[in-house]
2 protein chains.
Amino acid sequence: MTVDRGTRPSRRAVSPTRSSGEVRGPGDATADDAARPVPGATVARLAVYLRVLTSLLDQGRGTVSSEELAAAAGVNSAKLRKDLSLIGSSGVRGVGYDVSRLTAEVEATLGLTRPHAVALVGVGNLGHALAGYGGFAQRGFPVAALFDVDPDLVGTTIAGVEVEHVDAIGAVCAARGVTIGVVATPAPAAQPVCDALVAAGVRSILNFAPTVLAVPAGVEVRKVDLAVEMQVLSFHVARRHGTVPAARPSPSTAGAAPREAVTR
Amino acid sequence: MTVDRGTRPSRRAVSPTRSSGEVRGPGDATADDAARPVPGATVARLAVYLRVLTSLLDQGRGTVSSEELAAAAGVNSAKLRKDLSLIGSSGVRGVGYDVSRLTAEVEATLGLTRPHAVALVGVGNLGHALAGYGGFAQRGFPVAALFDVDPDLVGTTIAGVEVEHVDAIGAVCAARGVTIGVVATPAPAAQPVCDALVAAGVRSILNFAPTVLAVPAGVEVRKVDLAVEMQVLSFHVARRHGTVPAARPSPSTAGAAPREAVTR
DNA sequence: TTTTGTGAATCCTTTCACAGCG
DNA sequence: CGCTGTGAAAGGATTCACAAAA
């Protein structure tokens with residue numbers, strides 16, 4: 001069940017002058033930590049596997065085969081096995097993987113064994129929704145700080161956290177040990193906010209603003225861009241209908257107004 | 001041009017695996033479109049280029065070099081030129097690309113020359129924020145319908161659109177010519193909702209629910225998964241503890257940012 | 001000269017397919 | 001047997017680097 005069909009693999013872009021490549025650090029002989037390769041594409045999938053695994057745990061399942069886990073995660077089983085072998089997992093041939101053990105291994109690899117304080121900047125429409133979403137804290141990402149520039153918002157409390165002025169980003173993030181910053185501001189404010197976060201020591205940023213953020217090497221930026229997603233879907237719609245207007249039975253002039261398509 | 005490529009059998013009648021690859025399309029040639037492959041990775045970047053281009057248009061810029069456009073989009077200039085050559089663009093050597101013309105070409109490729117009616121299902125925390133976000137309509141994606149199961153929400157109006165019961169998805173989407181569906185429901189409701197959308201003829205879906213959607217071949221699903229994004233960042237935070245803090249002037253490899261996914 | 005367009009090399013992922021362990 | 005782990009093959013995507021056009 002749940003065999004997926006058209007999900008896309010990851011993509012990347014962003015970051016001027018350096019595209020990412022991998023995730024391992026350019027380590028210098030650190031005797032302590034064995035250098036692990038773990039491809040970026042694999043990391044993203046591990047999070048998906050983890051979701052399925054926790055679900056299986058709740059169901060009390062003891063083991064899973066790569067085939068089943070892969071199907072539930074919407075990927076090829078060979079890919080899943082390779083992903084798991086990369087993080088040093090060990091399944092049992094002829095049996096499968098131990099659910100609880102694998103869950104622990106994936107969590108450890110993703111660094112989920114301890115919480116990561118998050119700072120959310122921009123409590124507008126989307127930001128407010130994100131702050132109000134309880135899933136953050138539950139999944140190990142406590143929202144330690146909220147920021148905005150709007151005087152009407154600064155001072156208010158959302159989900160138990162007070163909104164502070166963006167000018168306090170530096171001091172507050174450093175003081176509360178924020179390691180992940182979420183930018184949900186309008187595009188023009190994103191870069192300055194990003195700079196402030198980086199200056200405060202934040203090395204991982206999730207950007208919801210429709211703009212490309214420039215960051216120094218060593219800072220990881222992931223982007224969630226609604227416009228891009230919609231436009232990619234638009235491309236597919238256009239592909240399947242060609243250029244001819246969709247000839248669906250009974251269009252009968254319903255809703256869709258003929259506006260101009262200005263994507264900006 | 002186009003065609004040839006002896007290595008690709010391109011036809012996989014049996015294989016159910018079609019995910020990702022590319023998005024080739026039987027073009028219809030309306031003005032400048034010939035049947036072209038257009039890699040999936042390229043499509044996603046075109047949307048980013050478009051944003052920069054419209055910005056340049058507003059500034060009254062007449063031309064841009066691949067170097068400048070690439071820098072603003074956060075990509076390598078060679079990649080940008082290759083992307084543009086794939087959609088059949090034509091810059092002028094020694095000069096650059098005509099901003100308005102290129103903008104039109106990119107919009108045409110992405111199918112943005114006409115609006116795509118969108119149906120948003122799930123008007124909860126996130127869904128409400130999305131519905132309230134005016135960017136949709138402005139960018140050519142008018143929200144033609146809103147759905148939810150909550151009796152308290154059904155009947156209310158958000159941003160000028162009435163919220164209807166999910167049971168009406170089939171009828172309403174077909175009647176209003178919805179081509180893109182946005183799923184912002186809790187995980188358990190996502191699959192049924194997805195099925196309803198597909199049954200209504202929707203072939204492109206943006207999924208914000210933290211679950212893998214199973215869809216028949218021909219339906220494109222893109223996922224925005226907040227949990228995955230946060231966990232990938234967590235991985236990077238954890239990584240940083242094993243490597244040398246600083247003292248590294250040389251960049252060599254740095255983080256990249258896979259685009260894609262996640263929510264809730 | 002400047003800047004595009006693009007073959008060719010390189011790198012990253014995915015998929016195949018099978019050896020081998022339980 | 002069933003199922004994992006993985007070398008090897010196959011694709012894609014990115015980058016290089018340079019010839020050609022304006």
Side-chain angles (χ1 to χ4, degrees), chain A residues 4 7-15 17-24 37-46 63-71 73-98 101-102, chain B residues 1-2 4-10 12 14-24 37-46 63-71 73-98 101-102 252-253 256-260:
Chain A
D4 146 279
T7 340
R8 316 207 78 279
S10 50
R11 188 116 286 102
R12 57 193 66 202
V14 176
S15 273
T17 316
R18 80 191 152 5
S19 58
S20 83
E22 213 4 81
V23 200
R24 58 153 301 169
V38 190
T42 293
V43 174
R45 284 190 299 265
L46 287 177
T63 60
V64 234
S65 67
S66 63
E67 204 66 56
E68 183 183 356
L69 187 49
V75 304
N76 177 298
S77 70
K79 191 193 296 182
L80 178 139
R81 288 199 296 280
K82 184 145 287 187
D83 283 341
L84 297 186
S85 74
L86 286 172
I87 67 171
S89 82
S90 56
V92 178
R93 298 178 195 231
V95 179
Y97 300 85
D98 179 87
R101 180 180 169 187
L102 184 54
Chain B
M1 50 171 81
T2 342
D4 72 324
R5 191 24 116 297
T7 8
R8 219 170 159 297
S10 80
R12 41 230 336 273
V14 185
S15 171
T17 358
R18 179 240 143 225
S19 60
S20 105
E22 65 209 48
V23 204
R24 64 154 294 167
V38 188
T42 294
V43 175
R45 285 191 297 266
L46 287 177
T63 61
V64 234
S65 66
S66 62
E67 204 65 56
E68 182 181 356
L69 186 50
V75 304
N76 177 299
S77 70
K79 191 193 294 180
L80 178 138
R81 287 198 298 279
K82 185 148 286 185
D83 284 341
L84 296 186
S85 74
L86 285 171
I87 68 171
S89 81
S90 57
V92 179
R93 299 180 194 225
V95 179
Y97 299 86
D98 179 86
R101 180 179 168 189
L102 183 55
S252 63
T253 19
R259 111 331 38 129
E260 190 174 70

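All of these numbers come straight from a predicted model, not from anything done at the bench. Just so we're on the same page: letters track the sequence lines, and every chain starts at 1.
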Whole-Å distance between [N] [atom2] and [X] [atom1]?
| X | N | atom1 | atom2 | value |
| --- | --- | --- | --- | --- |
| A:L84 | C:dT13 | CG | C1' | 16 Å |
| A:R93 | C:dC18 | CZ | P | 16 Å |
| B:D83 | C:dT6 | CG | P | 13 Å |
| B:L80 | D:dT15 | CG | P | 12 Å |
| B:K82 | D:dT14 | NZ | P | 11 Å |
| B:E67 | C:dT1 | CD | C1' | 16 Å |
| B:L102 | C:dT3 | CG | C1' | 15 Å |
| B:L86 | D:dT14 | CG | P | 11 Å |

Can you check whether [X] reaches [Y] side chain to side chain, under 4.5 Å on heavy atoms?
| X | Y | result |
| --- | --- | --- |
| A:Y97 | A:E68 | no |
| B:T63 | B:V92 | no |
| B:I87 | B:D83 | no |

Walking DNA chain C from its 5' end, the first of B:V95 and A:K79 to be reached, judged by nearest nucleotide, is B:V95
For B:S66 and B:S77 the tightest heavy-atom approach is O-CB, 4.0 Å
Minimal non-hydrogen separation, A:L86 against A:P39, with atom names: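 Nearest pair, atom of A:L86 first, then A:P39: CD1-CD, 3.4 Å.
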Is there a side-chain contact between [X] and the phosphate of [N], meaning an N or O under 4.0 Å from OP1 or OP2?
| X | N | answer |
| --- | --- | --- |
| B:S66 | C:dT3 | no |
| A:Y97 | D:dG2 | no |
| A:N76 | C:dT13 | no |

### Message
So B:S90, base contact, sugar-phosphate only, or nothing? Heavy-atom distance under 4.0 Å.
### Response
sugar-phosphate
B:P39, nearest nucleotide to its side chain (from D:dA13, D:dG5, C:dT6):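 So the nucleotide nearest the side chain must be D:dA13.
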